[in-house]
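Reminder, nothing fancy here: chain letters follow the sequence lines and each chain counts from 1.
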Number of protein chains: 2
Amino acid sequence: MGMVGAGWRRLVIMATVRARRASARRAHYAASTRDDLVRSAVSLFTTHGYAGTSLDTIATRARVTKGALYHHFKGKQDLFEAAFSAVERNVYSKLQRILEKSENLWVKAGLVVREYLQSCLDPAYQRIVIHEGPVVMGWQRWRDAQEGLSYGVIRDVIADLRAAGGLGGISVEVTARLVCGALSTAATMIANSPDPKRVSEETEDAVVRLLALVRAGSETQDG
Amino acid sequence: MGMVGAGWRRLVIMATVRARRASARRAHYAASTRDDLVRSAVSLFTTHGYAGTSLDTIATRARVTKGALYHHFKGKQDLFEAAFSAVERNVYSKLQRILEKSENLWVKAGLVVREYLQSCLDPAYQRIVIHEGPVVMGWQRWRDAQEGLSYGVIRDVIADLRAAGGLGGISVEVTARLVCGALSTAATMIANSPDPKRVSEETEDAVVRLLALVRAGSETQDG
DNA sequence: TTGATTGACATACTGCCGGTATGTTCGCGC
DNA sequence: GCGCGAACATACCGGCAGTATGTCAATCAA
């Protein structure tokens, strides 16, 4: 048998890449199935979790077999990390868009915090990145994988605040972790709340107020 | 065969409970093996995680078989929850001890926060309660299980602060979650740091300063 | 054009592990 | 001292991650 269930994929794609050089087709096919696998993984890991999702199910959803999966990924963890990256990059791009509209530092910080809180409400981000990420990947690797993405953005914003004399000599790294931890936890609470809308508003209110308190306290203490 | 590896246990315990009524012996034996299983589970879940620990290993460490394990617990999750409770109760008792020495509300809040941060540094608490708890038990159940324990203490402290006019009309529930999330995340960072001592001090410093900022901002805004 | 090579899969199998079903023994009430 | 049930132990099953192997087709060297 061999190539049996994958024929449809070629037919579909061939129509879209007729102009390309022939040598690129193969790679294009492969990239397509890889993306399908990642999308399938993101979907299933989000709904049923890492342990609750079998590789066979992921492969079937992507219209391939486990053999294809193991051809593209080293194993279940590797596939999870690919799913993780996909979800993280999505949030990262949103945060970046906010950074580009540069305004007052404190205003920008508020916007980034609000946007990150919103992103944390995405079920995929919440389960894959926040909850299962550290458990499945191990904390060290999880941290490294976030370094240049969403966490990096938040850390940079806080670094700017400190550089502008916003906070006292508080460690940037520590503050950034505190903020991320607080927000992701709050987002989880919102998502699991019987009345997400209300809790979400309460949370945004609390965050904004706390930020204002810190700013106020910060400006009365030092110049 | 049957009762083969459990004889030693009776011999050991019999010496310590000679004074008890005979009718209590059986229950005492059982409670002992149950505790052994929980201790074994806590130890192994802490070092190798939930997925990385087999029930056979846990049972063997407790000097019994899987049959005994399934006699005392419904399954792996149930055993995990027992381990979770054991670790949580330990932290809870520490926090309670602090509450008993009643002082200024803000001082008490600072002490509780510092103690909770310290508790979060315990590897067992960190892995079982903070990281794997929500994943293994599900967030809802995880939250409920913490309600009357460590989280309850922190929430009560914050409720006191608000009742005393400390924070503006900020939701207690939301604030408590923010604080717990921030601290547990920070603790994880400390534990995985190459220089835990330094980062720990930085974190305590940051937390104390932020608390002071909030207090300062709080007192300048409202009476 | 063709034979060899290799990438991109599919199929078949293995071992581990959680869970279950069943067996065995001993303590305890009668 | 006897039956009964609690407190275990043993044997087995099914699912699943991982591996080993097979297959086909696209590419390339000659």
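- At whole-Å resolution of the value, CG in B:Leu37 and P in D:dA7 are 13 Å apart.
- Residues A:Lys76 and B:His72 each lie close to DNA chain D; by heavy-atom proximity, the contact nearer the 5' end of the strand is made by B:His72.
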Please set out all donor-acceptor pairs under 3.5 angstrom arising from side-chain atoms of residues 173-182 of chain A, sequence neighbours excluded.
| residue | atom | partner | partner atom | Å |
| --- | --- | --- | --- | --- |
| A:Glu173 | OE1 | A:Tyr151 | OH | 3.1 |
| A:Glu173 | OE2 | A:Tyr151 | OH | 3.3 |
| A:Thr175 | OG1 | A:Ser171 | O | 2.7 |

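- Considering only side-chain atoms of A:Thr65, the nucleotide from D:dA17, C:dG19, C:dT11 that sits closest is C:dT11.
- Applying the salt bridge (Lys or Arg N to Asp or Glu O under 4.0 Å) rule to B:Arg39 yields the partners B:Asp36; only residues at least two apart in sequence or on another chain are considered.
- Residue pairs meeting the side-chain hydrogen bond (donor to acceptor under 3.5 Å, both in side chains) criterion with at least one member in residues 126-139 of chain B, sequence neighbours excluded: B:His131-B:Thr188.
- Residues from residues 45-58 of chain B that place a heavy atom under 4.0 Å from any atom of DNA chain D: there are none.
- Not a single donor-acceptor pair under 3.5 Å links the side chain of A:Ser193 to the backbone N or O of A:Met189.
- Closest to the side chain of B:Ala30, from the set C:dA8, D:dC8, C:dG18, is D:dC8.
- Listed nucleotides C:dG18, D:dC8, C:dC9 differ in distance to B:Thr33; the shortest reach to its side chain belongs to D:dC8.
- Identified under the ring-ring contact (aromatic ring centres under 6.0 Å, His included) test for residues 46-65 of chain A, with sequence neighbours left out: A:Phe45-A:Tyr50, A:Tyr50-A:Phe80.
- Contact between the side-chain N/O atoms of A:His71 and the OP1/OP2 oxygens of C:dA10 is not found at any separation under 4.0 Å.
- The nearest whole Å value for the distance from the NZ atom in A:Lys74 to the P atom in D:dG18 is 13 Å.
- Considering every non-hydrogen atom in both A:Ala30 and A:His72, the closest pair reads O-CE1, 3.5 Å.
- Between the CG atom of B:Leu79 and the P atom of C:dC17 there is a distance of 16 Å, rounded to whole Å.
- Remark: A:Arg89 engages no residue in a salt bridge (Lys or Arg N to Asp or Glu O under 4.0 Å) (not counting sequence neighbours).
- Counting to the nearest Å, the C1' atom of D:dC16 and the CD atom of A:Gln77 are 15 Å from each other.
- A sub-4.0 Å separation between OP1 or OP2 of C:dG19 and a side-chain N or O of B:Tyr70 is present.
- Summarising the geometry, the separation between CZ on B:Phe73 and C1' on C:dG18 is reported as 16 Å, rounded to the nearest angstrom.
- Regarding A:Leu69, its CG atom lies at a distance of 18 Å from the P atom of C:dA12, rounded to whole Å.
- The side chain of B:Lys66 lies closest to C:dG19, out of D:dA6, D:dT10, C:dG19.
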